[in-house]
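To keep things clear, I will list the structure first and then write my remarks on it.
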Amino acid sequence: MEHLLKRAMSTLSGGEKQKISIAAALATNAPALLLDEPIEQLDPDAAHKVFSRLKEMARQGKTIIVAARNRDYANLYADSIYSLERGRLEPVQIDPQLVTNYNSATIAGAWSNTHGASRKQHHDVSRSQPVVKFEHLSHSFQSGCGIEDISLTVERGQVTAIMGPNGAGKSTLIKHCISLLKPREGSVYVFSENTIEQPAWKLAQRVGILFQNPDDQIFNERVDKEVAWSLRARGMTWNQALAEAERVLSAMRLEHLSARHPHSLTRSQRQLIALASVLATGPELIILDEPSKALDAEGVQRVMSIILGYAKPCGAVIIVCHDPALVWAYADNTAVLKNGRLIAAGKTRSLLLDIDIMERAGLASHPFISMFLNKKQ
């Protein structure tokens with residue numbers, strides 16, 4: 001992390017900030033360390049390094065307790081695992097063969113039943129103009145990071161995943177889709193319109209984006225008003241907007257939260273409320289920045305099913321993600337960034353099985369990828 005030492009915290013990505021927090025905890029040299037979802041925003045290579053360091057500290061006599069939603073890394077690194085459900089703590093047998101948040105049957109079912117239908121439905125529109133087209137896009141910040149010379153298309157009727165290490169430029173790239181950032185060089189076209197000429201408010205009428213941190217986009221005092229707000233801004237009456245908000249909340253099985261204050265909810269619930277506010281507007285392009293964060297495997301599958309149900313045949317879905325199991329299950333195409341550059345793009349399954357690309361991108365150490373590549377951790 002030495003290359004980050006002179007950087008301002010405000011210029012770091014979510015994953016880089018999490019690395020800093022972990023380093024600060026390790027620096028105390030305390031006899032016991034308690035880590036709550038320590039790798040939630042980390043790329044697989046960083047996660048492997050964190051757990052390897054924790055394992056080494058445990059061998060030196062430290063007590064390490066990690067709270068996590070999923071067992072994929074626990075099966076590889078933990079000396080003991082406990083399941084906490086409804087306030088009861090029970091020991092769980094370690095299973096080194098369980099290397100992903102989703103079992104193979106779940107992935108096959110998700111692909112054939114949910115996304116397979118989506119692909120068939122979208123076949124007729126996939127050859128028309130792309131939803132998003134990046135042409136030699138570059139954008140740099142004063143800190144020196146950014147993206148450079150990226151050319152990539154997001155096709156209609158497709159789910160496209162964007163992967164890469166922390167700080168690779170993934171969030172920087174997608175912010176150009178809604179004019180939160182403007183190109184320094186090159187061009188970005190969304191629905192064939194040059195974004196340099198489009199204000200963010202206009203693109204927001206067709207583009208819905210879920211940020212990494214739901215608290216960045218939640219600001220109302222009630223859940224139903226939060227979901228209804230963007231509809232009200234588009235001209236609906238409050239009664240119409242609230243009725244539509246209730247419909248969306250019901251479809252997502254969140255109607256019991258309608259009267260709650262969003263910031264009284266758990267992180268995973270706030271993530272779902274932020275997603276509901278995005279989907280309520282019926283966007284043609286849905287962008288999800290780390291949608292699996294704060295959700296367990298069941299929650300991820302539920303969210304992806306909802307998203308694909310809302311996705312328009314003439315639109316597209318972009319997922320920024322560190323979870324190759326999710327990408328394998330749902331993404332048609334995948335692009336991989338590293339150090340602000342595009343290092344690979346293509347069909348998801350071919351790309352994830354390419355050992356050279358996975359190692360260059362720091363993804364090969366993820367348990368799901370290792371399962372296919374027969375690599376030992």
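Positions are given from 1 along the sequence. Small disclaimer: the values here were computed from a predicted structure and weren't measured.
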request  = Identify whether Val278 and Leu308 are in the same connected component of the hydrophobic contact network (ILVMFWY, side-chain heavy atoms under 4.5 Å).
outcome  = no

Item checked: Check: Asp323 side chain, Ala325 main-chain N or O, donor-acceptor pair, under 3.5 Å -> yes

Residues Ala228 and Trp238: closest non-hydrogen pair is CB-CZ3, 4.0 Å

Practice problem: Side-chain contact test, heavy atoms from C-beta onward, threshold under 4.5 Å: evaluate it for Arg234 versus Thr281 and give yes or no. | Solution: yes

Please examine the side chains of Ile273 and Leu254, heavy atoms only from C-beta on, and report whether any two atoms are closer than 4.5 Å. yes

Would you say Glu226's side chain and Phe219's backbone share a donor-acceptor pair under 3.5 angstrom? yes

* Would Leu54 end up clustered with Ile22 when hydrophobic side chains under 4.5 Å apart are linked, directly or stepwise? -> yes

Would a single hydrophobic cluster contain both Val320 and Ile343, if residues Ile, Leu, Val, Met, Phe, Trp and Tyr are joined by side-chain heavy-atom contacts under 4.5 Å?
no

Exercise for review: Using a strict 4.0 Å threshold on nitrogen-to-oxygen distance, state whether Lys19 and Glu16 make a salt bridge.
Suggested key: no

Would you say Lys170's side chain and Leu337's backbone share a donor-acceptor pair under 3.5 angstrom? no

If only side-chain N and O atoms count, and only distance matters, is there a donor-acceptor pair under 3.5 Å linking Glu193 with Gln198?
yes

Joining Ile, Leu, Val, Met, Phe, Trp and Tyr whenever any side-chain heavy atoms lie under 4.5 Å apart, the cluster holding Met9 also takes in Met1, Leu4, Leu12, Ile20

When every non-hydrogen atom of Cys177 is compared with those of Ile287, the smallest separation belongs to CB-CD1, 3.6 Å

Are more than 12 heavy atoms, taken from residues, nucleotides or ligands other than Gln60, located less than 6.0 Å from that residue's CD atom? yes

Looking at side-chain heavy atoms only, is the closest gap between Arg71 and Val92 below 4.5 Å?
yes

Verdict with supporting geometry, Glu185 and His136, side-chain hydrogen bond (donor to acceptor under 3.5 Å, both in side chains): CA-CA 7 Å; Glu185 295 180 23; His136 302 289; over 6 Å; no

Per side chain to side chain contact (heavy atoms under 4.5 Å, CB included), Ile319 is matched among Leu326, Leu210, Thr334 by Leu326

Residues at least two apart in sequence or cross-chain that pass ring pair (Phe, Tyr, Trp, His ring centres under 6.0 Å) with Phe134, listed by chain then number, are none

Distance col, row Glu244:CD vs Asp224:CG, nearest 0.5 angstrom, shows 13.0 Å

Worksheet entry | Basic-acidic side-chain contact under 4.0 Å: Arg360, Asp356 | no

- Would you indicate whether the side-chain heavy atoms of Leu285 and Ile318 approach each other to under 4.5 Å? yes

- State plainly whether the residues Arg59 and Glu56 are in salt-bridge range, i.e. N to O under 4.0 Å. no

Between Ser179 and Lys182: side-chain donor-acceptor atoms closer than 3.5 Å = yes

Heavy atoms of Asn220 and His261 approach each other most closely as O-CE1, 4.0 Å

Nearest heavy-atom approach of Gln129 to Arg156 is O-NE, 2.6 Å

Margin query: Using the rule given for salt bridge (Lys or Arg N to Asp or Glu O under 4.0 Å), can you reason through Glu284 versus Lys312, listing the C-alpha separation, both sets of side-chain angles and the distance that settles it, and then say yes or no?
Written below: CA-CA 6 Å; Glu284 296 172 66; Lys312 297 182 182 297; over 6 Å; no

Closest non-hydrogen contact found for Ile147 with Ala168 is CG2-O, 4.5 Å

Exercise for review: Answer yes if Leu351 and Leu353 sit in the same cluster of Ile, Leu, Val, Met, Phe, Trp and Tyr residues linked by side chain heavy atoms under 4.5 Å apart, and no otherwise.
Suggested key: yes

To the nearest 0.5 Å, atom CG of Asp215 lies from atom CZ of Arg270 at 4.0 Å

Rounded to the nearest 0.5 angstrom, the CG-CD distance for Leu35 and Glu40 is 13.0 Å

Item to check | Donor-acceptor contact below 3.5 Å, side chain Glu148 vs main chain Gly340 | outcome: no

Q) Taking the side chain as C-beta and beyond, is there a heavy-atom pair between Ile286 and Leu279 under 4.5 Å? A) yes

| Could you walk me through whether Leu173 and Ile162 pass the side chain to side chain contact (heavy atoms under 4.5 Å, CB included) check? | CA-CA 9 Å; Leu173 180 67; Ile162 300 175; 3.8 Å; yes

One should read off an interatomic distance between Arg260 CZ and His256 NE2, to the nearest 0.5 angstrom, of 8.0 Å

Distance col, row Leu181:CG vs His139:NE2, nearest 0.5 angstrom, shows 4.5 Å

Quick note, side-chain hydrogen bond (donor to acceptor under 3.5 Å, both in side chains) partners involving residues 21-39, not counting sequence neighbours, are Asn29-Lys62, Glu37-Arg69

Rounding to 0.5 Å, atoms CD (Gln18) and CD1 (Ile39) come to a distance of 8.5 Å

Exercise. In terms of the angle between their ring planes, are Tyr77 and His48 parallel, tilted or perpendicular, with boundaries placed at 30° and 60°?
Worked result: tilted

### N/O donor-acceptor pair under 3.5 Å between Ser365 side chain and Pro44 backbone
yes

Checklist line | Within-4.5 Å side-chain heavy-atom neighbours: Val190 and Lys133 | finding: no

>> Check whether Asn166 reaches the backbone of Gln41 with its side chain - one donor and one acceptor, N or O, closer than 3.5 Å.
In response: yes

* Asked: Under a 4.0 Å N-O cut-off, is there an ion pair linking Glu90 with Arg88?
  -> yes

ask   = Where the side chain of Ser138 meets the backbone of Arg184, is there a donor-acceptor pair that is under 3.5 Å apart?
value = no

For Lys17, is the NZ atom crowded, meaning more than 12 foreign heavy atoms sit under 6.0 Å from it?
yes

inquiry  = Using side-chain heavy atoms (C-beta onward) and a distance below 4.5 Å, is Ser187 in contact with Ile196?
reply    = no

Val188 and Pro183 have their tightest heavy-atom pair at CG2-CG, 4.0 Å

**Report entry** hydrophobic_cluster_shared for Leu249 and Leu242, side chain cutoff 4.5 Å
**Finding:** no

| query | If we ignore angles and hydrogens, is there a donor and acceptor under 3.5 Å between the side chains of Glu197 and Thr195? | reply | no

Check: Gly164 main-chain N/O paired with His322 side-chain donor or acceptor under 3.5 Å
yes

Do the two ring centres, one from His366 and one from Tyr73, sit under 6.0 Å apart?
yes

Check: Regarding Ser277 and Gln217, is there a side-chain donor-to-acceptor distance under 3.5 Å anywhere?
Finding: no

Without swapping roles, check the side chain of Arg302 against the backbone of Met252 for a donor-acceptor pair under 3.5 Å. yes

Backbone N/O of Thr11 and side chain of Arg7: donor-acceptor pair under 3.5 Å: yes

